[in-house]
Structures are given as structure tokens and as C-alpha cells.
Amino acid sequence: MEIVGSYPDAEVLHQIRNGNDPDGVIRHLYRSHFNAAAIYIKQNSGNQEDAEDIFQDTVINFIQLVQKDKFRGDCSIGTFMYTLVRNGWLNELKKKKRSLAREEKYEKEKVTSEMDVSESIVTGEIKKEIVELIESLGETCKKILMAFYYDNLSIQEILASLPYENEQVVRNKKYKCLQKLQETLSLKPQIAKNLKSILSYEP
């Protein structure tokens, strides 16, 4: 039975648990709860695109939680999804804040240092050695690291060019690539010093 219009929470949960009409379930969740999520995000420094991204993740997370019996209807679906949206957006704001802090730190160092990391990267031999190191990690690691650190692409943008299921898989792969890079850099301390300020060794 396809979910249409306003549908009782119990029936929505039943449909999800039994894998019935997943497209109908998703349409129902969007019709019923997206507007509230978008209003919250826009009122808290976000925009329409942010709302769409966060809500898409929320829908996926909600369905997975229901399927794993981690949501049993102790509160309404609307209340629970609003909480997921709020937590997801607060985490995103924290990431953006950290990213801005890194950029500000980088710019400050650029002004005060005669030969900072960015200048080292674009200097002939240093750049060549770094690229060679990244290439030695394999094609996938090269694509991820170059896209993230050289092209300044987001994890979401990188995902679009890779055959992975979601952003978390890309983050995990990036972390493993950086671990491999760390091992290689242990043999080249000078290059490691040049990279330290721009590469984050966290997933």
C-alpha cells in the first residue's frame, strides 16, 4: 500500500520495518517534515541547499534506525526527526567553524611567515616530491587527497566522482590514505614538516 497524504506514525513504522513502498515512505516523510527542518536550518545560519542536504541524511538515518529497532515510537516521528535534523545541523556548523578557523590560521601564517607551507607546496621540487608521494599511495588515495587538499573539494563533491555509497565511506577511505601517507612521510621528515600545517590526520 502506497503512503499518501497524512499517515499515522504507526503505519509509517510498519511500512519501513517490512520494507514496503520505500519511495512512498520517503515522499511522506518529506511532505510531512521537510518544511519544519528547512525553517529551523534557515533560522540558524543555513540556506535551502543546507536544509536539503541535512534532511536527506536525516531521512536515511531515521529509516536505518527504525529498521534496526532503535526507534520504537516513544515520541512522534516529527519530534524524533526534528531532533535528528537539529543534531545534524549543529554538527555541520561545528565543522564549518573548524574549517573557518583553519583558514584564518592559514592566512595569518601566510602573512607572518616568509616561507610558509603554501609557498613550499607550490615550490618546484617540494611540490614534485609531495605529488610523487601521494601517487605512490594508489589511484584512489591520489584522487581523494588531491581533490580534498589541492582542489578544496568537499567530501560530498568528492563522493560524486567515486563509486562509494555515502560520505562516511569516503571519510574512512581518506583516513586510511592519510595513515599510509604518515608511514611514508616518517622516512621523509622535511616533507612531513611542510605538510603538517595543511593535512589533518583525522577522519
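Keep in mind that this is a model prediction, so the values were computed, not measured. Reckoned from all heavy atoms, side chains included, excluding hydrogens, waters and symmetry mates. Residue numbers run from 1 in the order of the sequence given.
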Are [Y] and [X] co-members of a hydrophobic cluster defined by side-chain heavy atoms under 4.5 Å apart?
X: Ile39; Y: Phe34; value: no
X: Ile60; Y: Ile16; value: no
X: Leu90; Y: Ile54; value: yes
X: Val169; Y: Ile158; value: yes

With sequence neighbours excluded, residues passing side-chain contact (heavy atoms from CB on, under 4.5 Å) with [X]:
X: Asn18; answer: His14, Asn20
X: Thr140; answer: Ile144, Tyr164, Lys173
X: Lys96; answer: Asp50, Trp89, Glu92
X: Ser154; answer: Gln156, Glu157

Once you round to the nearest 0.5 Å, how far does [atom1] of [X] lie from [atom2] of [Y]?
X: Glu165; Y: Leu159; atom1: CD; atom2: CG; result: 10.0 Å
X: Lys70; Y: Gln64; atom1: NZ; atom2: CD; result: 10.0 Å
X: Lys143; Y: Leu162; atom1: NZ; atom2: CG; result: 5.5 Å

Contacts of Glu167 that satisfy side-chain hydrogen bond (donor to acceptor under 3.5 Å, both in side chains) - sequence neighbours left out: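 Result, side-chain hydrogen bond (donor to acceptor under 3.5 Å, both in side chains) vs Glu167: Arg171.
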For Lys176, check side-chain hydrogen bond (donor to acceptor under 3.5 Å, both in side chains) against everything at least two apart and list the hits.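 In terms of side-chain hydrogen bond (donor to acceptor under 3.5 Å, both in side chains), with neighbours along the sequence ignored, Lys176 is linked to no residue.
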Salt bridge (charged side-chain N to carboxylate O under 4.0 Å, His left out) partners of Lys142, counting only residues at least two apart: Glu135
Below 4.5 Å, heavy atoms only, C-beta onward: do [X] and [Y] meet side chain to side chain?
X: Val59; Y: Tyr30; value: yes
X: Phe55; Y: Ile41; value: no
X: Gln67; Y: Arg17; value: no
X: Leu93; Y: Lys97; value: no

Quick check: does any side chain N or O of Asn172 sit under 3.5 Å from a backbone N or O of Tyr175, one acting as donor and the other as acceptor? no
Assess whether side chain to side chain contact (heavy atoms under 4.5 Å, CB included) is satisfied between Leu145 and Leu178, documenting all intermediate values. CA-CA 8 Å; Leu145 296 181; Leu178 288 174; 3.8 Å; yes
Apply side chain to side chain contact (heavy atoms under 4.5 Å, CB included) to the pair Leu13 and Phe71, showing each step before the final yes or no. CA-CA 9 Å; Leu13 298 179; Phe71 174 73; 3.7 Å; yes
Can you name the closest pair of heavy atoms from Ala38 and Ala51 and give their distance?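 Smallest interatomic distance, heavy atoms only, reads CA-CB, 3.7 Å.
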What's the shortest heavy-atom distance between Lys180 and Cys141, and which atoms?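 Between these two residues, the closest heavy atoms are NZ-SG, 4.3 Å.
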Going by salt bridge (charged side-chain N to carboxylate O under 4.0 Å, His left out), name the pairs with one or both residues in residues 52-66, residues two or more places apart or in two chains. none
Might you confirm whether atom CD of Glu49 has over 12 heavy atoms from other residues, nucleotides or ligands at distances under 6.0 Å? no
Sequence neighbours left out, cut at 3.5 Å: what donor-acceptor pairs do the side chains of residues 75-87 make with other protein atoms?
| unit_1 | atom_1 | unit_2 | atom_2 | d |
| --- | --- | --- | --- | --- |
| Ser76 | OG | Thr79 | N | 3.0 |
| Ser76 | OG | Thr79 | OG1 | 2.9 |
| Thr83 | OG1 | Thr79 | O | 3.0 |
| Asn87 | ND2 | Thr83 | O | 3.4 |

